[in-house]
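The figures here come from the full heavy-atom set of this structure, side chains too, leaving out hydrogens, waters and symmetry mates. We count ligands from 1, going down the list as the structure has it; atoms in each ligand are counted the same way.
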Amino acid sequence: MNKQFDVIVIGAGPGGYIAAIRAAQLGFSVACVDEWKNDAGGPAPGGTCTNVGCIPSKALLQSSEHFDHASHHFAEHGIGVKGLSMDVAKMVARKDLVVKQNNDGILFLFKKNKVTFFHGRASFVAAQEGAYEIKVTGKAEESLSAKQVIVATGSSARALPGVAFDEENVLSNDGALRIGAVPKKLGVIGAGVIGLEMGSVWRRLGTEVTILEALPTFLGVADDSVAKEALKVFGKQGLKIELGVQIGDIKTSKKGVSVAYTSAKGEAQSLDVDKLIVSIGRVANTQGLNPQAVGLQLDERGAIVVDADCKTNLPGVWAVGDVVRGPMLAHKAEEEGVAVAERIAGQHGHVNFATIPYVIYTSPEIAWVGRTEQQLKADGVAYKAGQFPFLANGRARALGDTTGFVKFLADAATDEILGVHIIGPMASELISEAVVAMEFRASSEDIARICHAHPSLSEATKEAALAVDKRTLNF
Ligand SMILES: Cc1cc2nc3c(=O)[nH]c(=O)nc-3n(C[C@H](O)[C@H](O)[C@H](O)COP(=O)(O)OP(=O)(O)OC[C@H]3O[C@@H](n4cnc5c(N)ncnc54)[C@H](O)[C@@H]3O)c2cc1C
């Protein structure tokens, strides 16, 4: 017999589980279905983000950063370390524990908010009298129905044509987070966020890392000045980054992986590595959903077509997160999930795409919100810019981490903040001030006039805002 709910959410990643909880809080009866399995075959809600994305990558970045500090920076503080070693198995086990704590936390929140969880694959069966029948295939088979369905099935790593992930030698983000010993040489194809973060983890542990990127420009999505600074700093750290390459044959053997490629200068090259991470983008997960059964519209890349409110072409069917257009970010998925639950309840859920922050958790960290200088130029917007280096910030000096700067871009006529770009320590935390300011349509002068704690990295934000009007308090 059909189990009936007001709302069925398919997928328990950050888009799905947040939507399910918000819908339950708004008084709906809610089912959430997710197929992710932990190593014991049990449920592991949290999606890519919790299991093989945001959370485990940050756990490994933290461990490797501690090792890097102990190896290279403790001595500056007078701390001597003898016999430093790295137990990779322990680092990975700690990461697994952090993941499990998050999986358990979501199951707890489902219980607390009375969301009924089903472990298995959900697929559309039919639409009848305004309700959708959904089949769940798992240990037990279930049939569910609801008038409102939120699809939040996320995305998976894109493989290079003809080179499948074996997760031994050729790794997706999943295998990259499970490497059991420090490789001597690691290749990364794709100098995007995931490639840079994963490359950084292993570079800090002593691996020789080479990143091959097809595009001729580095981090084209970031502000040009930030991208230039990042390329310089990563190079100094020992990350080899080759731009404008064309990947050829990839061969795996017992010894590792051999990548043939053509360099930007047109020379034939080959890269021999122990492991190869392929991080060239992600594809929407719609294969298992059986969208044809109900006529759910997909685009040419397999993503679900939605409007600005996350409505699909079917009444009562919504889609959020990586499976739809827009940046593939956990917090974007969460915001859409909340907004859709509120829209179903007749409220005015809202997502402001203009103030979604972007973060790359390398060291230095990179974070930004709003438009880049090159976008403003292309859009013909008259703007003013202000920049302040961490080198002149007391807290950064005390931390021993003075790389990078904060950059403000403000409207030339109104002084409204149009973009804030940070490369430096704790950029991921500092960017929130800019997000709040932009959400309230603040001017750079507003930030310049707000009292910031001393000594703090946020004083660099205030100084960058002051610099927009060619002022400073620091020199
Ligand atoms: C290595 C890495 C690092 C990242 N780091 C960050 C970061 O620091 N910050 C950030 O914002 N983003 C980061 N991301 C991106 C982030 O993980 C995604 O944007 C986010 O997980 C998308 O959330 P989602 O809910 O749309 O989908 P997902 O998290 O992919 O969740 C979808 C869920 O649906 C399930 N599912 C799919 N099909 C079905 C079906 N038919 N039936 C039942 N269940 C199904 C899947 O098993 C999965 O559990 C990272 C990604 C990677 C790979």
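- Taking only nitrogen or oxygen atoms, main chain and side chain alike, Glu35 reaches within less than 3.5 Å of ligand 1.
- Of all the heavy atoms of Val52, the ones lying under 4.0 Å from any atom of ligand 1 belong exclusively to the backbone.
- Residue Ile194 touches ligand 1 through its side chain alone, judged by heavy-atom distances below 4.0 Å.
- By the 4.0 Å N-to-carboxylate-O rule, Glu167 lies too far from Arg178 to be salt-bridged with it.
- The side chain to side chain donor-acceptor pair (under 3.5 Å) check on Ser456 picks up Ser458, with sequence neighbours excluded.
- In summary, Arg325 and Glu336 engage in a salt bridge, as defined by a charged side-chain N under 4.0 Å from a carboxylate O.
- When heavy-atom distances to ligand 1 are checked against a 4.0 Å cut-off, Lys58 comes that close only through its side chain, counted from C-beta outward.
- Judged by the shortest distance from any of its heavy atoms, Gly120 lies inside the 4.0 Å radius around the atoms of ligand 1.
- The nearest protein atom to atom 42 (N) of ligand 1, hydrogens excluded, is given as Ala122 N, 2.8 Å; this is a heavy-atom distance.
- A salt bridge is absent between Glu335 and Lys332; no separation between the charged side-chain nitrogens and carboxylate oxygens falls under 4.0 Å.
- With a 4.0 Å cut-off on non-hydrogen atoms, Lys332 does not touch ligand 1 at all.
- Counting heavy atoms under 4.0 Å from ligand 1, residue Thr48 touches it through both backbone and side chain.
- If you look at Pro14 next to ligand 1, the close heavy atoms, those under 4.0 Å, come from the backbone and the side chain alike.
- Summary of contacts: the protein heavy atom closest to atom 47 (O) of ligand 1 is Trp36 CE3, 3.4 Å.
- At the shortest separation from atom 25 (O) of ligand 1 among protein heavy atoms lies Gly15 N, 2.9 Å.
- Residues passing the salt bridge (Lys or Arg N to Asp or Glu O under 4.0 Å) test with Asp224, sequence neighbours excluded: none.
- On a distance-only criterion, His331 and ligand 1 share at least one N/O pair closer than 3.5 Å.
- Of the heavy atoms in Ala330, both backbone and side-chain atoms come closer than 4.0 Å to ligand 1.
- Heavy-atom distances between Val323 and ligand 1 stay at or above 4.0 Å for every pair.
- Taking a cut-off of under 4.0 Å to the non-hydrogen atoms of Leu329, the atoms of ligand 1 that pass are 10 (C), 11 (O), 12 (N), 19 (O).
- Under 4.0 Å from ligand 1, not a single heavy atom of Ser123 appears.
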